[in-house]
Amino acid sequence: MVAALVAGALFTHQLIWTPISAINMADIATNQFKMTDASFSGVDHDGNPFNIHAKTARQEYDAPDTIFLDSVHGKITRLINGTPETSDISANHGRYDIKSKRVTLIGNVRVDSTTGDKALTDEMVLKL
């Protein structure tokens, strides 16, 4: 009788089942943390301010000291001979190494400086 009451209560609620085959286990196993529209700001080792923004940022279980970035944009301001110079930087992807405080930008890396200098490369490493 008790079993019939419990079973009746379960069948009165609509249950939504997701088949295990529909779950992307590779994505779950790879991505430990994932953020969209991620931004972080700070100062580099010389005290110059920077701001980095990524469409997505994620950490993976097998690389806990690395943050992987997609669609990266950033701004770095430095003093050159006492004059502030701001560089706008963009890239398809990036990796931020937490321990070494280095950002490796990869794919269509573009730098536009307020001094008029421009650079286009496949890879660039920035020490923060």
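Residue numbers run from 1 in the order of the sequence given.
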Smallest separation among heavy atoms of Asn51 and Ser41, with atom names: ND2-OG, 3.1 Å
Please give the remaining members of the hydrophobic cluster of Phe68, linking ILVMFWY side chains under 4.5 Å, ordered by chain and number. none
If you link I, L, V, M, F, W and Y whenever their side-chain heavy atoms are under 4.5 Å apart, who else ends up in the same group as Ile80? none
Say whether Tyr61 and Ile67 are linked into one hydrophobic cluster, either directly or through other cluster members, by side-chain heavy-atom distances under 4.5 angstrom. no
For Asp44, give me all partners under salt bridge (charged side-chain N to carboxylate O under 4.0 Å, His left out), at least two apart in sequence or on another chain. none
I'd like to check the side-chain contact (heavy atoms from CB on, under 4.5 Å) partners of Pro49; sequence neighbours left out, ordered by chain and number. Thr77
Say whether Ser39 and His53, considering side chains only, have a donor N or O and an acceptor N or O under 3.5 Å apart. yes
Identify every side-chain donor-acceptor pair in residues 119-128 under 3.5 Å, counting partners at least two apart or on other chains, and give the distances.
{"unit_1": "Lys127", "atom_1": "NZ", "unit_2": "Ser100", "atom_2": "O", "d": "3.2"}

Please name all residues satisfying side-chain contact (heavy atoms from CB on, under 4.5 Å) with Ala38, sequence neighbours left out, ordered by chain then number. Met35, Ala57
With sequence neighbours left out, which residue pairs that include part of residues 77-127 fulfil the ring-ring contact (aromatic ring centres under 6.0 Å, His included) condition? Phe40-Tyr96
Residues pairing under salt bridge (charged side-chain N to carboxylate O under 4.0 Å, His left out) where one sits in residues 86-96, two or more places apart or in two chains, turn out to be Lys75-Asp88
Here the gap from Arg58 atom CZ to Leu69 atom CG, rounded to the nearest 0.5 Å, amounts to 8.5 Å
By the definition side chain to side chain donor-acceptor pair (under 3.5 Å), identify the one residue from Thr56, Asn92, Thr36 that meets it with Asp70. Thr56
Residues passing the salt bridge (charged side-chain N to carboxylate O under 4.0 Å, His left out) test with Asp46, sequence neighbours excluded, are none
For Asp65, give me all partners under side chain to side chain donor-acceptor pair (under 3.5 Å), at least two apart in sequence or on another chain. Lys99
In short, ring-ring contact (aromatic ring centres under 6.0 Å, His included) pairs touching residues 101-128 with sequence neighbours left out are none
Which heavy-atom pair separates Asp62 from Pro64 by the least distance, and what is that distance? C-CD, 3.7 Å
At what distance, to the nearest 0.5 angstrom, does CD of Gln59 lie from OG1 of Thr66? 8.5 Å
Per-pair distances, 0.1 Å, donor-acceptor, side chain in residues 102-116, under 3.5 Å, sequence neighbours excluded:
{"unit_1": "Arg110", "atom_1": "NE", "unit_2": "Asp112", "atom_2": "OD2", "d": "3.1"}
{"unit_1": "Asp112", "atom_1": "OD1", "unit_2": "Lys118", "atom_2": "NZ", "d": "3.3"}
{"unit_1": "Ser113", "atom_1": "OG", "unit_2": "Glu85", "atom_2": "OE2", "d": "3.2"}
{"unit_1": "Ser113", "atom_1": "OG", "unit_2": "Thr115", "atom_2": "N", "d": "3.3"}
{"unit_1": "Ser113", "atom_1": "OG", "unit_2": "Thr115", "atom_2": "OG1", "d": "3.1"}
{"unit_1": "Thr114", "atom_1": "OG1", "unit_2": "Thr86", "atom_2": "N", "d": "3.1"}
{"unit_1": "Thr115", "atom_1": "OG1", "unit_2": "Asp117", "atom_2": "OD2", "d": "3.2"}

